[in-house]
Structures are given as structure tokens and as C-alpha cells.
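Written below as C-alpha cells is the structure these notes are about.
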Amino acid sequence: MDNFIYNPPKDPFLDILYHDDFIMVVNKPSGLLSVPGRLECHYDSVISRIRTLHRDCAAVHRLDMDTSGLMVVALNKEATSNLCRQFEAKTVLKLYYALVEGLIDERGDVTLPIRCDLERRPLQIVDFEQGKPSHTIYRRVDNFSINEQIVCTKNCSLVELTPITGRSHQLRVHLNEISHPILGDRFYGKTNTDKASRLCLHAFSLEFSHPHTCERLEFKSFPDFLCR
């Protein structure tokens, strides 16, 4: 973690799935920050790139730098206010795919409370006294093929993840705590970082109401660690 060098992917500059006067939906690659970091060398991000096109854009949710997948970005104040209310009301539906170590149960719930590890930021830990309530639902997906250019193990399961709460690193912590760390997780799955060239966690489905028209929109994006 101390030796980390930020080197985000440059091509494509933005993978845009949808764009109008109110929102932009992008497919974020693994390795790119969602929002600018504190240091100048960590400025490059989804938001900083969109600001080259829309100065007033705002992040209404985030993905971990190592996580890939769908993000919706507000392009004006009306969209920002509306989308923030949707996230707070939990009417935004999000689904993730993850490749995890070992054979996981067919389905399950994880409700372990999480808080920041103050001595090892940005890591999170389970704490039954001071942790915030956290809830993840998972379902094993049995028919899949891995991209062997990214993943070099057969001893893994594909899971569909529904985060009921949205704690930082929630999915990564919960899966690690039930002994099925996500492949390629440099923070929590340190025993399997040699089994994948990236964190195998991807936000593949995002559903919300358009902040201006109220039309229900759904977007899907396929992860690069799987073969179609």
C-alpha cells in the first residue's frame, strides 16, 4: 500500500454509455479514481475527466479505484439534488459481479458492521461495537467463463452482489470475512493477488429514474474478467 504508484488507464479517456443535458453514465475502468484525490498526482479521475466537458458535474456516488463498472454523474444542480435524493431513499438499484476464491454457498446474506481502520486508512474493519450496520446479499452464478488473460485460477466462484447499504469497501470486506476474498484484492485478499491482474469486482447493472423526465433507466456493462 505504501509503495502504490497511481497510473490510471488513459484509453479510452471516457467510456460513455449515455449522455444528455442532465446526466452522463460511464463505464469506469479498474485503476481510475472516481473523484480527484487530495494530492495533485491523484487528480486524474472520472469527475476530473468529465469536467473537461461539463464544469458543473458532480459525483452522486463512487466506486473504489480498483473496482470497474457503471457510474452515473450529475451534470447540473437539478440532477445532483434529484439523484442524491434517490440514493438516500435507496431507490437506485445496483448489482455487482465478483470472482471470489473457492466455492461459495449458493446464496446468502452478510450483515457484519464496518468502520474505518484509523491506523491503516483507507482500509475498513469489522467492529461489532463501533461499526456501522452493513448488509450485502449474494447469489452464486454457476455458468461462466473466465478471461484467462486476467484470471489464472479455476478455484473460484462468480457471485452477483446486491449492496443494501453502501459502506466504503463493503463488498470487499464482507466477502473476505466469510473466507471468500475477491480475486486480485490488494487490500483484503492478499493471499490471492497473484491469481488475477486486477480486482475482480465490477458494477454491472445500474437502475435509477432520470432526474428530469422521471423515466426509469437501466444500464448494464460486462466485466473484462469474464468471457462473453
Side-chain angles (χ1 to χ4, degrees), residues 14-28 32-36 45-51 54-98 107-116 122 124 126-128 130-139 141 159-175 177 182 201-223:
L14 285 170
D15 184 4
I16 302 172
L17 278 66
Y18 180 88
H19 183 194
D20 63 20
D21 292 338
F22 294 86
I23 60 172
M24 183 183 290
V25 177
V26 299
N27 190 31
K28 187 187 86 67
L32 177 66
L33 289 165
S34 293
V35 300
S45 64
V46 171
I47 291 298
S48 64
R49 292 181 182 189
I50 294 178
R51 280 180 182 155
H54 298 276
R55 290 181 55 190
D56 296 329
C57 74
V60 293
H61 71 126
R62 304 182 187 187
L63 297 177
D64 294 344
M65 183 190 73
D66 294 337
T67 302
S68 59
L70 296 170
M71 282 183 62
V72 57
V73 175
L75 302 183
N76 55 41
K77 291 182 179 180
E78 177 187 343
T80 300
S81 176
N82 183 285
L83 287 170
C84 284
R85 288 197 301 270
Q86 290 188 52
F87 276 97
E88 290 172 3
K90 301 187 187 303
T91 58
V92 178
L93 303 181
K94 297 175 288 182
L95 293 175
Y96 292 73
Y97 275 150
R107 57 185 65 241
D109 284 64
V110 187
T111 56
L112 299 170
I114 296 172
R115 69 165 175 85
C116 180
Q124 309 289 311
V126 171
D127 186 330
F128 289 95
Q130 299 181 1
K132 295 181 179 180
S134 307
H135 185 191
T136 301
I137 297 173
Y138 69 85
R139 179 182 68 87
V141 180
V159 288
E160 179 187 275
L161 301 162
T162 303
I164 304 303
T165 53
R167 309 300 179 199
S168 179
H169 292 187
Q170 175 180 312
L171 302 178
R172 301 166 73 167
V173 172
H174 277 176
L175 288 164
E177 288 293 324
I182 300 174
L201 177 63
H202 181 82
F204 84 93
S205 179
L206 182 64
E207 182 180 339
F208 58 93
S209 297
H210 191 281
H212 185 69
T213 67
C214 298
E215 177 188 1
R216 197 69 180 168
L217 302 176
E218 182 179 10
F219 300 91
K220 292 186 182 295
S221 161
F222 198 79

(Q) Ignoring hydrogens, what is the shortest heavy-atom contact between Leu32 and Lys28? Give both atom names and the distance. (A) O-NZ, 2.7 Å
Q | side chain to side chain donor-acceptor pair (under 3.5 Å) partners for Ser168, two or more places apart | A | none
Q. Taking atom types as modelled and ignoring hydrogens, do the side chains of Ser45 and Arg49 form a donor-acceptor contact shorter than 3.5 angstrom?
A. no
Q) Going through the distances and angles, do His202 and Thr67 end up as a side-chain hydrogen bond (donor to acceptor under 3.5 Å, both in side chains)? A) CA-CA 6 Å; His202 181 82; Thr67 302; over 6 Å; no
(Q) On a heavy-atom basis, which atom in Val46 and which in Met71 lie closest, and how many Å separate them? (A) CG2-SD, 4.2 Å
Q | Gln86 side chain vs Leu83 backbone, donor-acceptor pair below 3.5 Å | A | no
Q. What's the shortest heavy-atom distance between Asn76 and Asp21, and which atoms?
A. ND2-O, 3.3 Å
Q: Kindly write out the residues that satisfy side chain to side chain contact (heavy atoms under 4.5 Å, CB included) with Arg139, not counting sequence neighbours, or none if the list is empty.
A: Arg107, Val141, Glu160
**Q.** Electrostatic pair Asp64-Arg172, nearest N-O below 4.0 angstrom
**A.** yes
Q: Could you check Val173 against Val126 for side chain to side chain contact (heavy atoms under 4.5 Å, CB included), going step by step and ending with a plain yes or no?
A: CA-CA 8 Å; Val173 172; Val126 171; 3.9 Å; yes
Q) Without hydrogens or angle criteria, can the side chains of Glu78 and Asn82 be said to hold a donor-acceptor pair below 3.5 Å? A) no
Q. Would you say Ser34's side chain and Leu63's backbone share a donor-acceptor pair under 3.5 angstrom?
A. yes
Q) Taking only residues two or more places apart in sequence or in another chain, which ones pass ring-ring contact (aromatic ring centres under 6.0 Å, His included) with His61? A) Phe87
Q. Going by heavy atoms in the side chains, are Pro163 and Tyr96 under 4.5 Å from each other?
A. yes
Q | side chain to side chain contact (heavy atoms under 4.5 Å, CB included) between Val72 and Tyr18, intermediate numbers included | A | CA-CA 9 Å; Val72 57; Tyr18 180 88; over 6 Å; no
**Q.** Rounded distance (nearest 0.5 Å) linking atom CZ of Phe208 with atom SG of Cys214
**A.** 12.5 Å
Q. Who are the side chain to side chain contact (heavy atoms under 4.5 Å, CB included) partners of Cys116, not counting sequence neighbours?
A. Leu118, Arg121, Gln124
**Q.** Test side-chain hydrogen bond (donor to acceptor under 3.5 Å, both in side chains) applied to His135 and Asp109, Thr111, Thr162, the passing residue
**A.** Asp109
Q. What are the two closest non-hydrogen atoms of Arg167 and Ser134, and how far apart are they?
A. CG-OG, 3.0 Å
Q: Determine, step by step, whether Tyr138 and Val110 satisfy the side chain to side chain contact (heavy atoms under 4.5 Å, CB included) criterion, reporting the C-alpha distance in whole Å, the side-chain angles of both residues, the deciding distance to 0.1 Å, and the verdict.
A: CA-CA 8 Å; Tyr138 69 85; Val110 187; 4.1 Å; yes
Q | Heavy-atom closest contact (Pro211 atom, Ile23 atom, distance) | A | CG-CG2, 3.6 Å
Q) Does Gln170 use its side chain to pair, donor to acceptor, with the backbone of Thr165 at less than 3.5 Å? A) yes
Q) So does Arg115 have more than 12 non-hydrogen atoms from other groups sitting under 6.0 Å from CZ? A) yes
Q | Ser81 side chain vs Lys77 backbone, donor-acceptor pair below 3.5 Å | A | no
(Q) Testing Arg216, Lys94, Lys220 one by one against Glu207 for a side-chain hydrogen bond (donor to acceptor under 3.5 Å, both in side chains), which residue passes? (A) Arg216
Q: To the nearest 0.5 Å, tell me how far Ser209 OG sits from Glu215 CD.
A: 9.5 Å
(Q) Just verifying a value: how many Å separate Ile182 CD1 and His169 NE2, rounded to the nearest 0.5 Å? (A) 10.5 Å
Q: Would you indicate whether the side-chain heavy atoms of Asp56 and His54 approach each other to under 4.5 Å?
A: no
**Q.** By ring-ring contact (aromatic ring centres under 6.0 Å, His included) - contacts of Phe22 (at least two apart)
**A.** His210, His212
**Q.** Set of residues satisfying side chain to side chain donor-acceptor pair (under 3.5 Å) with respect to His174, sequence neighbours excluded
**A.** Thr136
